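In what follows, a single structure is set out as structure tokens and then discussed.
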There are 2 protein chains.
Amino acid sequence: MGVSNKVSAKGKRLLIEAALKLTATTRSLSALSLREVAREAGLNPNTFYRHFKNFDDLGLAIIREMTQELRQPLRDLRREAADSVSKGTAVSWQQNPKLNLLRSMEVTRVTVKLFFDYVEDHPNAFILGVRELHGASPVMRNALRSMMNDFAQDIAEDIQILNLLPEVNQATLLDIAEVIGREMFLLSMDYIEQPEQRSQICEKAQRLITSLTVGHAVLNGYGPVLSEALS
Amino acid sequence: MGVSNKVSAKGKRLLIEAALKLTATTRSLSALSLREVAREAGLNPNTFYRHFKNFDDLGLAIIREMTQELRQPLRDLRREAADSVSKGTAVSWQQNPKLNLLRSMEVTRVTVKLFFDYVEDHPNAFILGVRELHGASPVMRNALRSMMNDFAQDIAEDIQILNLLPEVNQATLLDIAEVIGREMFLLSMDYIEQPEQRSQICEKAQRLITSLTVGHAVLNGYGPVLSEALS
DNA sequence: TGTACATCAGTGAACGCGCGTTCACTGATGTAC
DNA sequence: TGTACATCAGTGAACGCGCGTTCACTGATGTAC
């Protein structure tokens, strides 16, 4: 019965934490030096090689961890938001469009709130993610792109499962989910950097999501139904 | 009557071109070395200091040039698109919503096309811009952010001047213009990297812009008008 | 339970290298009179 | 128009430094019998 149950990877943890810290506060991952990270971790430069083949290897390890740390939790957040708004009372759009629109906007509101709470708890992961998504390392870029695709897939599925929108075109729904995912990640930077603007940022995110989904629905022939709901 | 009329800044030009080339094909600006850039430019490392104080100074020079090279041309593109679709035939939304919606979508189509043609002609500028917008240097980030804000301002103004949307809430219109500007820049990366997907990317951009603007209009009370136009 | 051995995470010294920056210098262009 | 001088873009050698990577080593933990 040891005090720590993760003894075997202590150094690895320290290195990952050090890299995250340095990335968030100063520079991009590819601009860090091995010795710098080791120094920050309080380890011998050499120890790096006990855990990672090279720098991209460390980057991938971080992304792997980040994905695990973010994907399921974010999925859970959206479910939680949906449950808190209405428990299984979904009706078809044609039956009651107004109820569904209001419910949809409320789920959006709650999800956005929970998302940004989550951002606040894991700022470094988001900073690194956004930075490397458009960064210089193709390895990191591809890994993060596929992570964003997975997120978009989740969002699209949730929109359907939760019946937040009338049944609409599949492919373009995914496009919209991609935009939502991407913009939420980018907005998370503002959220981290401008604490005094946080409530405005939440509202901006909600408006964006609502504009996008409503516009999408209108273009798919649900204009009249929505007009009625909004009147 | 000299052969070149820009003799005085020849080295500066070479250094800027070298940095652009290296950034686009390999790494982020902050990860480049001074000697590397000088080598690519075919100059003595030392010559760098004849033109720039430090690396951020070079970065800012590039952004300044890029902004000049992009902003007005992009503005002109949108005007050109509007003119090619209808010359001063604008009528109010209430008068003829269907005509205006179609005209609006046509302007979008043409503008998107012209934008991506422009991207194709200046890939390095876009790659560097997107990379550094979320990069590690605060100096570059702020400069690019303010450039993006200017673009968003232009887009919002054009939407109004060209009467592409009914008169709607100013502040949220700017939010939407920001999203459009940002997403167009991000899509430009896909456009550059995936030549075989170009027509799909154009369509995706059009759908995004239309969804956003239509959704925005609906939420501002123009639902019935738009429903009528779409029927 | 004890013993022998293998694996593993970490150390510290050493290497050669490319880096940013400095210095003193050069030759071409611009300017004052 | 010619002459003297200043400015400017560029050179090449030299510096000290932090870097990635290697080597041989250590002591703790895990495993076989």
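Letters A, B, ... are given to chains in the order of the sequence lines, protein chains preceding strands, and every chain is numbered from 1. All of these numbers come straight from a predicted model, not from anything done at the bench. Every heavy atom of this structure was used, including side-chain atoms; hydrogens, water molecules and symmetry mates were not.
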task: Kindly indicate whether the side chain of A:Arg35 and the base of D:dG18 share any N or O donor-acceptor pair separated by less than 3.5 Å?
output: no
- line: To the nearest angstrom, the CG-P distance between A:Leu14 and C:dT11 comes to 10 Å
- request: For the side chain of A:Leu43, starting at C-beta, report the closest nucleotide among C:dG20, D:dT22, C:dT11.
  value: C:dT11
query: With both distances under 3.5 Å as the test, what is the Watson-Crick or G-U wobble partner of D:dT1?
result: none
task: May I have the distance from A:Asn44 (atom CG) to D:dC23 (atom C1'), rounded to whole angstrom?
output: 12 Å
Residue whose nearest DNA chain D nucleotide is more 5′ - A:Leu34 or B:Pro45: B:Pro45
- prompt: Which of the following nucleotides, D:dT11, C:dT11, C:dC19, is nearest to the side chain of B:Glu36?
  reply: C:dC19
field: Integer-rounded Å distance: C:dA9 P and A:Arg50 CZ
entry: 8 Å
- request: Return the value, rounded to whole Å, for the distance between atom CZ of A:Phe48 and atom C1' of D:dG18.
  value: 17 Å
field: Sidechain-backbone polar pair: A:Arg71 side chain, A:Phe151 backbone, donor-acceptor under 3.5 Å
entry: no
- prompt: What is the base-pairing partner of C:dA24, counting Watson-Crick and G-U wobble geometry with both distances under 3.5 Å?
  reply: D:dT11
field: Partner nucleotide of C:dT29 by Watson-Crick or wobble geometry (both distances under 3.5 Å)
entry: D:dA6
query: Whom does C:dG18 pair with, Watson-Crick or G-U wobble, provided both distances fall under 3.5 Å?
result: D:dC17
- request: Test salt bridge (Lys or Arg N to Asp or Glu O under 4.0 Å) on A:Arg145 and B:Asp190 and set out the steps.
  value: CA-CA 11 Å; A:Arg145 229 176 255 211; B:Asp190 295 341; 3.6 Å; yes
task: Determine: side-chain N/O of B:His51 to OP1/OP2 of D:dG10, distance under 4.0 Å, yes or no.
output: yes
- request: Name the nucleic acid region contacted by A:Ser33, choosing base, sugar-phosphate or nothing; use a 4.0 angstrom heavy-atom cut-off, strictly under.
  value: sugar-phosphate
query: Side chain of A:Glu40, backbone of A:Lys21: donor and acceptor closer than 3.5 Å?
result: no
query: What's the CZ-P distance between B:Arg13 and D:dA9, to the nearest Å?
result: 15 Å
task: Could you check how far CG of B:Leu32 sits from C1' of C:dG18, rounded to whole Å?
output: 15 Å
field: Nucleotide of D:dT11, D:dT22, D:dG18 approaching A:Arg39 most closely (side-chain heavy atoms)
entry: D:dG18
query: Cut-off 3.5 Å, side chains only: do B:Asp76 and B:Gln72 have a donor facing an acceptor?
result: yes
- request: Begin with the C-alpha distance, continue with both residues' side-chain angles, and end with the deciding distance and a verdict on side chain to side chain contact (heavy atoms under 4.5 Å, CB included) for A:Glu80 and A:Leu77.
  value: CA-CA 5 Å; A:Glu80 192 184 321; A:Leu77 287 191; 4.3 Å; yes
message: Measure NZ/A:Lys10 against C1'/D:dA28 and give the value in whole Å, please.
response: 11 Å
query: Quick one: A:Ile16 CD1 to C:dA9 C1', roughly how many Å, whole number?
result: 15 Å
query: Looking for any heavy atom pair under 4.0 Å, which part of the strands does A:Tyr49 touch: base, sugar-phosphate only, or nothing?
result: base
